[in-house]
Amino acid sequence: MAEKHFKYVILGGGVAAGYAAREFVKLGLNPGELAIISKESVAPYERPALSKGYLFPQGAARLPGFHVCVGSGGERLLPEWYAEKGIELILGTEIVKADLASKTLTSAADVIIKYDILIIATGSTVIRLSDFGVQGADANNIFYLREIDDADKLVAAIHAKKDGKAVIVGGGYIGLELGAALKINNLDVTMVYPEPWCMPRLFTAGIAAFYEGYYANKGIKIIKGTVAVGFDSDANGDVTAVRLKDGRVLEADIVVVGVGGRPLITLFKGQVEEEKGGIKTDGFFKTSIPDVYAVGDVATFPLKLYNEQRRVEHVDHARKSAEQAVKAIKAVEEGESIEEYDYLPYFYSRSFDLSWQFYGDNVGDTILFGDNDPTSAKPKFGTYWIKEGKVVGVFLESGSLEENKSIAKVAKLQPPVQDPEQLEKEGLAFASKI
């Protein structure tokens, strides 16, 4: 049984792994000290590209173009960069057992990897309809999007089923971004989701009405309040139709499912303290086990701004938590101290000619401002969330760089609001003067 040993091991080869590697190099890393273990066969890349630029019919994003850390305006870390820095990329490798007490990982090929310090950056996996026993959910051309292999299969299907019918199951991030991407590829697109409006975890009814109207104007059909209960397929096993709970049957050449994800923490069950579906950490991403850190989607961490433990599934947090964990590891080694993680929740999306950003917390009363008419030539609108007389969250569609900076500042500072009606009149001007 082959055995390897590293001072530092990052388990998971996604966004967090790449940003952690860059931080290790920045703070001082000797060749041979760090290994990144990834189930994927490519070096860490900016995952958001898969649901956006990767699917464009012209000028599509392709590797090596979107390796980390280009997504945040940083240097692009090609596979050669890791080799130059003496970082071992252990790709195409699935870890099937983790023993945190003995600091040992075992791969599917029975390779033992020992570490002194472990960073768990395993991310999330998609929830599959087959997990719920949906009939016919294993038919061909039913796609999920998480890894680059998934995106490649979807691109091949888009070409094979040119001008065909696509059904998107789910009205969240993936559903909205892929609905747009498939429409841009000239497919006939229908979206299906059970909620009363799209992106209900973040959007208010007022925000959602704009996007649903905009998508409808682009020719995308939206069916709300029902779910897919089965799929029909032909003799080749290719999907031909989606059966809905309300009795409707939708023809389909391609189905894309985006019904959420779950953090990949099964390997560590019973070995480490958990909270809110993730691995519990402190403000330095240390877990309950010495020398084990957890970052990104899997970490439930103290969100200082709101004085509560939260788990955040977003690329911005994946990047920043990875850097924080490495800073903490190095600080411990050097007998120094660093500030606790102080994160401002941030989400964004781009589809068609639209681009929105959200900062803060979407709790409390809401005030919609601006032009949210989906037929406008240049729509621009936003929403403030007010809790206990303070602005705690801000959403803005089509903001400039400066305007987006100003809404982030508002969400961080939480200024008081005396008169909600005045705030509605002021709109974005309120944020600009903070």
Q) Would Leu55 and Glu177 satisfy side-chain contact (heavy atoms from CB on, under 4.5 Å), going step by step from the backbone distance to the final call? A) CA-CA 10 Å; Leu55 303 175; Glu177 292 189 352; over 6 Å; no
Q) Yes or no on side-chain contact (heavy atoms from CB on, under 4.5 Å) for Val298 and Phe268, after CA distance, side-chain angles and deciding distance? A) CA-CA 11 Å; Val298 300; Phe268 315 103; over 6 Å; no
Q: Evaluate the criterion side-chain contact (heavy atoms from CB on, under 4.5 Å) for residue pair Ile386 and Leu423; output intermediate values, then yes/no.
A: CA-CA 11 Å; Ile386 302 163; Leu423 180 61; 3.6 Å; yes
Q: Report the C-alpha distance between Arg319 and Glu46 in whole Å, list the side-chain angles of each, state the deciding distance to 0.1 Å, and finish with yes or no for salt bridge (charged side-chain N to carboxylate O under 4.0 Å, His left out).
A: CA-CA 10 Å; Arg319 293 168 181 151; Glu46 301 283 6; 2.9 Å; yes
Q | Derivation of the side-chain contact (heavy atoms from CB on, under 4.5 Å) call for Asp361 and Lys387 | A | CA-CA 10 Å; Asp361 211 8; Lys387 186 184 176 188; 5.7 Å; no
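When atom types are taken as modelled, the side chain of Asn236 and the backbone of Asp238 share no donor-acceptor pair closer than 3.5 angstrom. Side chain of Ser288 to backbone of Glu273: a donor-acceptor contact under 3.5 angstrom is found. Side-chain atoms of Ser124 never come within 3.5 Å of backbone atoms of Gly261 as a donor-acceptor pair (strictly under, hydrogens ignored). No side-chain donor-acceptor contact under 3.5 Å links Asn404 to the backbone of Leu401. Between the side chain of Ser398 and the main chain of Lys380, no donor-acceptor pair closer than 3.5 Å is present. Ser41 contributes no side-chain N or O that, together with a main-chain N or O of Gly92, makes up a donor-acceptor pair within less than 3.5 Å. A donor-acceptor contact shorter than 3.5 Å links the side chain of Asp282 to the backbone of Phe284. Although no hydrogens or angles enter the test, the distance criterion places no donor-acceptor pair under 3.5 Å between the side chain of Tyr215 and the main chain of Ile222. Side-chain atoms of Gln271 come within 3.5 Å of backbone N or O of Ala98 as a donor-acceptor pair. Formation of a donor-acceptor pair under 3.5 Å by the Thr287 side chain with backbone atoms of Val292 is found in this model.
Closest non-hydrogen pair, Asn141 versus Ala157, comes out as OD1-CB, 4.2 Å. Shortest non-hydrogen contact noted between Ser72 and Arg22 is OG-NH2, 4.5 Å. For Leu202 against Trp385, the heavy-atom pair with the smallest separation is O-CZ2, 3.6 Å. The minimum heavy-atom distance between Val9 and Ile37, with the atom names listed, is CG1-CD1, 3.7 Å. For the residue pair Ile87 and Ala21, the shortest heavy atom distance occurs at CD1-CB, 4.2 Å. Residues Arg146 and Leu50 share a closest heavy-atom pair of O-CD1, 3.6 Å.
Residue Lys161 qualifies as enclosed at atom NZ: its count of foreign heavy atoms under 6.0 Å is above 12. Environment of NZ in Lys224: crowded, with over 12 heavy atoms of neighbouring residues, nucleotides or ligands closer than 6.0 Å. Annotation: Lys245, atom NZ; neighbour count of heavy atoms from other residues, nucleotides and ligands within 6.0 Å does not exceed 12.
The shortest distance between side-chain heavy atoms of Phe358 and Thr383 does not fall below 4.5 Å. Side-chain atoms of Ile119 and Val326, non-hydrogen and from C-beta on, do get closer than 4.5 Å to each other. Put simply, the side chain of Pro415 reaches to within 4.5 Å of the side chain of Phe430, judged on heavy atoms. Between Leu250 and Lys165 there is no side-chain heavy-atom pair separated by less than 4.5 Å. The closest side-chain heavy-atom distance from Ile120 to Leu267 is not below 4.5 Å. Side-chain contact between Ser406 and Ile434 is absent, with no heavy-atom pair separated by less than 4.5 Å. Side-chain contact check for Tyr341 versus Val295: every heavy-atom pair is 4.5 Å or farther apart. Within the 4.5 Å cutoff, the side chain of Leu428 has heavy atoms near those of the Ile407 side chain.
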Using a 3.5 Å cut-off and no angle test, enumerate the donor-acceptor pairs between side-chain atoms of residues 56-71 and protein atoms at least two apart in sequence or in another chain.
| from | atom 1 | to | atom 2 | distance (Å) |
| --- | --- | --- | --- | --- |
| Arg62 | NH1 | Tyr54 | O | 2.9 |
| His67 | ND1 | Ala43 | O | 3.4 |
| His67 | ND1 | Pro44 | O | 3.1 |

Let me check something: any side-chain donor-acceptor pairs from residues 365-378 under 3.5 Å, sequence neighbours excluded? List them with distances.
| from | atom 1 | to | atom 2 | distance (Å) |
| --- | --- | --- | --- | --- |
| Asp371 | OD1 | Asp373 | N | 3.0 |
| Asp371 | OD1 | Ser376 | OG | 3.1 |
| Asp371 | OD2 | Ser376 | OG | 2.7 |
| Asp373 | OD1 | Thr375 | N | 2.9 |
| Asp373 | OD1 | Thr375 | OG1 | 2.7 |
| Asp373 | OD2 | Thr375 | OG1 | 3.1 |
| Ser376 | OG | Asp373 | O | 3.3 |

For residues 126-139, dump all side-chain donor-acceptor pairs below 3.5 Å to protein atoms at least two apart in sequence or in another chain.
| from | atom 1 | to | atom 2 | distance (Å) |
| --- | --- | --- | --- | --- |
| Asp131 | OD2 | Arg128 | N | 3.0 |
| Asp131 | OD2 | Arg262 | NH1 | 3.2 |

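A salt bridge is absent between Glu275 and Arg311: the closest approach of a Lys/Arg side-chain nitrogen to an acidic carboxylate oxygen does not fall below 4.0 angstrom. One finds a salt bridge joining Asp342 and Lys412 here, because a Lys/Arg side-chain nitrogen approaches an Asp/Glu carboxylate oxygen to under 4.0 Å. A salt bridge does not link Lys26 with Glu323: every distance from a Lys NZ or Arg NE/NH1/NH2 to an Asp or Glu carboxylate oxygen is 4.0 Å or more.
Residues forming a ring pair (Phe, Tyr, Trp, His ring centres under 6.0 Å) with Tyr348 (at least two apart in sequence, or on another chain): His314, Tyr346. Residues that satisfy the salt bridge (Lys or Arg N to Asp or Glu O under 4.0 Å) test with Glu421, not counting sequence neighbours, are absent from this structure. Listed by chain and residue number, nothing satisfies the side chain to side chain donor-acceptor pair (under 3.5 Å) test with Lys286 (two or more places apart in sequence, or in another chain).
Between Tyr8 and the options Phe24, Tyr115, Tyr293, a ring pair (Phe, Tyr, Trp, His ring centres under 6.0 Å) holds for only Phe24. Of the residues listed (Phe347, Tyr173, Trp356, Trp197), the one engaging Phe203 in a ring pair (Phe, Tyr, Trp, His ring centres under 6.0 Å) is Trp356, and it is the only one.
With hydrogens and angles left out, the side-chain atoms of Tyr343 and Gln324 include no donor and acceptor closer than 3.5 Å.
A cation-pi contact links Lys218 to Phe352, judged by a cut-off of 6.0 Å to the six-membered ring centre and 45° from its axis.
Taking OH of Tyr19 as the reference point, atom CD1 of Ile10 lies at 13.5 Å (rounded to 0.5 Å). One finds the CD atom of Gln357 at 10.0 Å from the CZ atom of Phe395 (value rounded to the nearest 0.5 Å). Rounded to the nearest 0.5 Å, atoms CD1 (Ile220) and CG (Leu182) are 8.5 Å apart. Taken from NZ in Lys162 to CG in Leu187, the straight-line distance is 9.0 Å, to the nearest 0.5 Å. For the atom pair Met199 CE and Leu176 CG, the distance stands at 6.5 Å (nearest 0.5 Å). If you take CG on Leu145 and CZ on Arg47, they are separated by 9.0 Å, rounding to the nearest 0.5 Å.
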